*Asks:* 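Please see the structure below; I have some questions.
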Amino acid sequence: MARQIKYGMVGGHNKAFIGDVHRKALNFDPRAELVAGCFSTREALNRETGETYGLAADRVYPDYETMAKAEAARPDGIDFVVIVTPNATHYPVAKCFLEAGIHVFCEKPLCFTVEQAEDLKRISEAKGLLFGVAHAYTGYTMSKVMKEMIAEGKIGEIVAVNAEYAQDWLLNELDPNSTGQTNIAIWRTDPSQSGIANCIGDIGTHIENYVAYITGRKIRRVLATRDKFGKALELNANMIVEYDNGAHGAYWCSQVAAGHCNGLAVRVYGDKGSLEWVQENPEVVRFTPVNEAPRIINRGTAAVTEKAGAFGRIPSGHPEGLYVAFANLYREYLNAIEAKKAGRDASGFDFPTVDMGLDGVKFVHAVVESADNGSKWVDIR
Ligand SMILES: NC(=O)c1ccc[n+]([C@@H]2O[C@H](COP(=O)([O-])OP(=O)(O)OC[C@H]3O[C@@H](n4cnc5c(N)ncnc54)[C@H](O)[C@@H]3O)[C@@H](O)[C@H]2O)c1
């Protein structure tokens with residue numbers, strides 16, 4: 001039987017990073033099929049990638065504008081597009097597909113400016129189109145578990161948050177004898193491709209999104225520092241945030257933290273207990289009720305509700321990972337697409353939306369404004 005939901009991809013040629021993760025995650029779902037793409041502006045790479053996935057030659061497009069126009073005109077055109085290009089192109093590509101009437105799933109950070117993000121929100125809402133944003137860490141089962149526990153009051157009122165995303169893959173940027181950058185390092189550290197921030201947008205937005213998702217708390221204002229080490233954009237940043245209940249959080253993101261790979265770690269403290277989750281050990285949550293010994297909650301055990309547990313794909317003890325986290329975002333997004341196609345209500349599905357993308361862009365701008373102006377408090381509006 002033919003797959004019911006057709007998608008296309010912009011970016012993500014065979015040698016690129018995250019496009020392949022999206023394709024593999026979508027392959028967890030029997031409903032989705034890749035049928036079109038503009039995987040690279042380099043003709044040979046574009047063609048080769050299309051051939052790898054068995055695409056018809058006339059559906060491998062030389063540019064995204066041609067792709068949006070042609071796919072919108074086909075009776076069997078794509079239902080949604082996945083955007084996995086560097087940050088600079090997210091806005092024009094997303095806008096182009098929305099205007100062609102095609103649902104969008106876009107990488108983060110959503111775009112360069114708050115005005116652009118508001119524009120994407122406005123167009124998608126006006127046209128009744130779905131807009132997903134790839135904040136994948138919220139897709140882990142244990143992220144759902146923490147969200148439920150916090151909503152149920154298991155740790156009480158939130159009094160403090162401590163969260164970090166530490167990497168070391170740009171350490172060579174600090175080395176004057178370095179022999180050069182990798183391809184993905186080049187665009188990430190170039191403001192014309194990356195935007196006004198590097199690691200704040202690249203990984204700081206994951207912290208912002210993750211804490212907002214599990215706690216439901218909004219950030220009122222931020223105070224920050226960023227360290228550029230003589231480069232155009234920062235490789236390290238510290239942020240103090242104030243939430244809408246008056247509590248404070250301390251966030252740190254770094255790409256020059258020796259010994260760290262993808263060290264997203266989130267600790268939420270309430271007046272009745274605390275929760276801790278570490279992305280590199282994503283199957284467990286550490287729960288400490290006040291005055292009691294810490295407990296380790298494993299995916300797949302009785303402590304996990306049926307609703308959160310349903311996001312797991314294999315029995316606990318067999319480690320799941322980032323592919324499944326992405327696949328969980330897509331399962332919810334595809335449920336929403338299916339609902340749209342059937343004329344049903346498509347609201348309420350559990351995937352990061354354009355609103356969260358907009359929050360991320362606002363966060364980046366407030367952090368940069370604070371850091372570049374003597375670490376003053378900056379309100380987020
Ligand atoms: N959600 C996550 O956890 C996560 C992880 C990594 C990267 N990202 C985001 O994904 C995006 C891509 O990052 P990456 O590391 O995969 O980069 P990459 O450099 O590996 O890949 C970029 C791809 O975009 C293509 N491209 C560039 N301009 C294009 C255009 N105009 N038309 C068609 N294709 C074009 C390139 O040819 C390449 O295939 C970035 O926005 C990044 O922030 C998110």
Side-chain angles (χ1 to χ4, degrees), residues 8-25 36-50 52-53 60-68 81-97 104-112 132-140 143 165 167 169-170 181-190 192-195 197-210 213 233 253 255 261-264 279 282 321-330 333 351-352 356-357 360-361 364:
M9 181 170 275
V10 179
H13 63 63
N14 277 339
K15 298 188 181 74
F17 170 29
I18 208 69
D20 187 54
V21 177
H22 283 255
R23 285 188 293 262
K24 288 191 165 71
C38 170
F39 303 100
S40 173
T41 47
R42 283 183 281 173
E43 197 273 327
L45 264 177
N46 191 25
R47 184 171 28 80
E48 279 166 25
T49 309
T52 301
Y53 293 93
V60 179
Y61 298 94
D63 57 75
Y64 67 83
E65 290 100 333
T66 307
M67 174 172 162
V81 66
V82 175
I83 303 170
V84 282
T85 52
N87 309 350
T89 38
H90 293 176
Y91 173 68
V93 179
K95 188 173 176 179
C96 180
F97 279 87
V104 168
F105 198 98
C106 185
E107 261 305 344
K108 44 49 57 182
L110 179 57
C111 51
F112 274 14
V133 180
H135 280 296
Y137 301 110
T138 59
Y140 281 107
S143 307
Y165 198 145
Q167 302 177 326
W169 71 289
L170 287 180
Q181 295 181 311
T182 59
N183 193 31
I184 49 175
I186 290 171
W187 75 253
R188 277 182 170 77
T189 52
D190 172 0
S192 72
Q193 290 300 302
S194 197
N198 170 30
C199 76
I200 298 164
D202 202 24
I203 51 180
T205 53
H206 280 309
I207 305 176
E208 177 275 323
N209 174 263
Y210 194 88
Y213 176 77
L233 294 173
C253 60
Q255 292 158 327
C261 297
N262 275 289
L264 173 62
Q279 202 272 146
L322 191 63
Y323 289 123
V324 171
F326 266 90
N328 284 338
L329 258 50
Y330 273 121
Y333 183 78
F351 62 88
M356 294 167 198
V361 177
V364 170

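It should be emphasised that the depicted structure is a prediction, and the values quoted were computed from it without experimental measurement. In listed order, ligands and their atoms are each counted from 1. Just the heavy atoms: all of them, side chains too, but no hydrogens, waters or symmetry mates, feed the values below.
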*Asks:* Roughly how far apart are I18 CD1 and K108 NZ, rounded to 0.5 Å?
*Replies:* 8.0 Å
*Asks:* Between Y333 (side chain) and V104 (backbone), is there a donor-acceptor pair under 3.5 Å?
*Replies:* yes
*Asks:* As a check for students: among P109, P352, C38, C111, identify the option with a heavy atom nearest to atom 33 (C) of ligand 1.
*Replies:*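 Looking at heavy atoms only, C38 sits closest to atom 33 (C) of ligand 1.
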*Asks:* Tell me if a side-chain donor or acceptor on R188 pairs with a main-chain N or O of L170 at a distance below 3.5 Å.
*Replies:*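 Here the side-chain-to-backbone pair does not exist.
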*Asks:* Mind checking whether A136 has a heavy atom under 4.0 Å from ligand 1?
*Replies:*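 Not so, A136 does not reach ligand 1.
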*Asks:* Would you mind listing which atoms of ligand 1 come within a distance below 4.0 Å of any non-hydrogen atom of H206?
*Replies:* 1 (N), 2 (C), 3 (O)
*Asks:* Quick check: does any side chain N or O of S194 sit under 3.5 Å from a backbone N or O of A197, one acting as donor and the other as acceptor?
*Replies:*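 Looks like yes, one N/O pair under 3.5 Å.
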*Asks:* Examine Y137 against ligand 1 and note whether any of their N/O atoms are separated by less than 3.5 Å.
*Replies:*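 So ligand 1 has no N or O lying under 3.5 Å from an N or O of Y137.
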*Asks:* With a 4.0 Å heavy-atom cut-off (strictly under), which part of D202 contacts ligand 1: side chain, backbone, both or neither?
*Replies:*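 The answer is the side chain.
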*Asks:* Any idea which of T41, V93, N46, V21 brings a heavy atom closest to atom 31 (N) of ligand 1?
*Replies:*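 Considering heavy atoms of T41, V93, N46, V21, the nearest to atom 31 (N) of ligand 1 sits in T41.
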*Asks:* Taking only heavy atoms of I18 into account, list the atoms of ligand 1 that are under 4.0 Å away from them.
*Replies:*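 What qualifies from ligand 1 is 4 (C), 5 (C), 6 (C), 7 (C), 10 (O), 12 (C), 16 (O).
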*Asks:* Pull out every atom of ligand 1 sitting under 4.0 Å from any heavy atom of V84, numbered as shown with elements.
*Replies:*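 Reading through ligand 1 atom by atom, the close ones are 12 (C), 22 (C), 23 (C), 24 (O).
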*Asks:* Going from OH on Y64 to NZ on K95, what distance comes out if it is rounded to the nearest 0.5 angstrom?
*Replies:*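 Atom-to-atom, Y64:OH and K95:NZ are 10.5 Å apart.
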*Asks:* Considering both backbone and side-chain atoms of T89, is one of its nitrogen or oxygen atoms within less than 3.5 Å of a nitrogen or oxygen in ligand 1?
*Replies:* no
*Asks:* Under the side-chain contact (heavy atoms from CB on, under 4.5 Å) rule, collect the residues that match up with S143, sequence neighbours excluded.
*Replies:*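 In terms of side-chain contact (heavy atoms from CB on, under 4.5 Å), with neighbours along the sequence ignored, S143 is linked to Y140, Y210, W277.
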*Asks:* For ligand 1, is there an N or O atom under 3.5 Å from any N or O atom of P86?
*Replies:* no
*Asks:* Determine whether the aromatic ring centres of Y213 and Y137 lie less than 6.0 Å apart.
*Replies:*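 That pair fails the under 6.0 Å test.
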*Asks:* Return yes when H90 approaches ligand 1 closer than 4.0 angstrom through a heavy atom, no otherwise.
*Replies:*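 Yes; H90 lies near enough to ligand 1 that a heavy-atom distance drops under 4.0 Å.
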*Asks:* Any heavy atom of H135 closer to ligand 1 than 4.0 angstrom?
*Replies:*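 No, H135 has no heavy atoms under 4.0 Å from ligand 1.
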*Asks:* For T41, is there any backbone N or O sitting under 3.5 Å from a side-chain donor or acceptor partner on N46?
*Replies:* no
*Asks:* If you measure only the distance, is there a donor-acceptor pair under 3.5 Å linking the side chains of E48 and N14?
*Replies:*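 Absent: no donor and acceptor within the cut-off.
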*Asks:* Only heavy atoms of A16, strictly under 4.0 Å: list the atoms of ligand 1 that pass.
*Replies:*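 Heavy-atom distances to A16 below 4.0 Å select 20 (O), 21 (O), 38 (C), 39 (O).
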*Asks:* Under 4.0 Å, heavy-atom basis, I'd like to know which part of H13 is in contact with ligand 1: side chain, backbone, both or neither.
*Replies:* both
*Asks:* Decide whether an N or O pair under 3.5 Å exists between F39 and ligand 1.
*Replies:*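 Yes; the residue has a nitrogen or oxygen that sits under 3.5 Å from a nitrogen or oxygen of the ligand.
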*Asks:* Would you kindly specify which portion of W187 sits under 4.0 Å from ligand 1, judged on non-hydrogen atoms: side chain, backbone, both or neither?
*Replies:*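 The answer is the side chain of W187.
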*Asks:* Where does K15 meet ligand 1, judged by heavy-atom distances below 4.0 Å: at the side chain, the backbone, both, or neither?
*Replies:*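 Looking at K15 and ligand 1, no heavy atom falls under 4.0 Å.
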*Asks:* Once ring pair (Phe, Tyr, Trp, His ring centres under 6.0 Å) is applied, do any residues pair with H135, and if so which ones, sequence neighbours excluded?
*Replies:*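 Expected list: H206.
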*Asks:* Between the side chains of N87 and Q193, is a donor N or O closer than 3.5 angstrom to an acceptor N or O?
*Replies:*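 N87 vs Q193: no donor-acceptor pair found between side chains.
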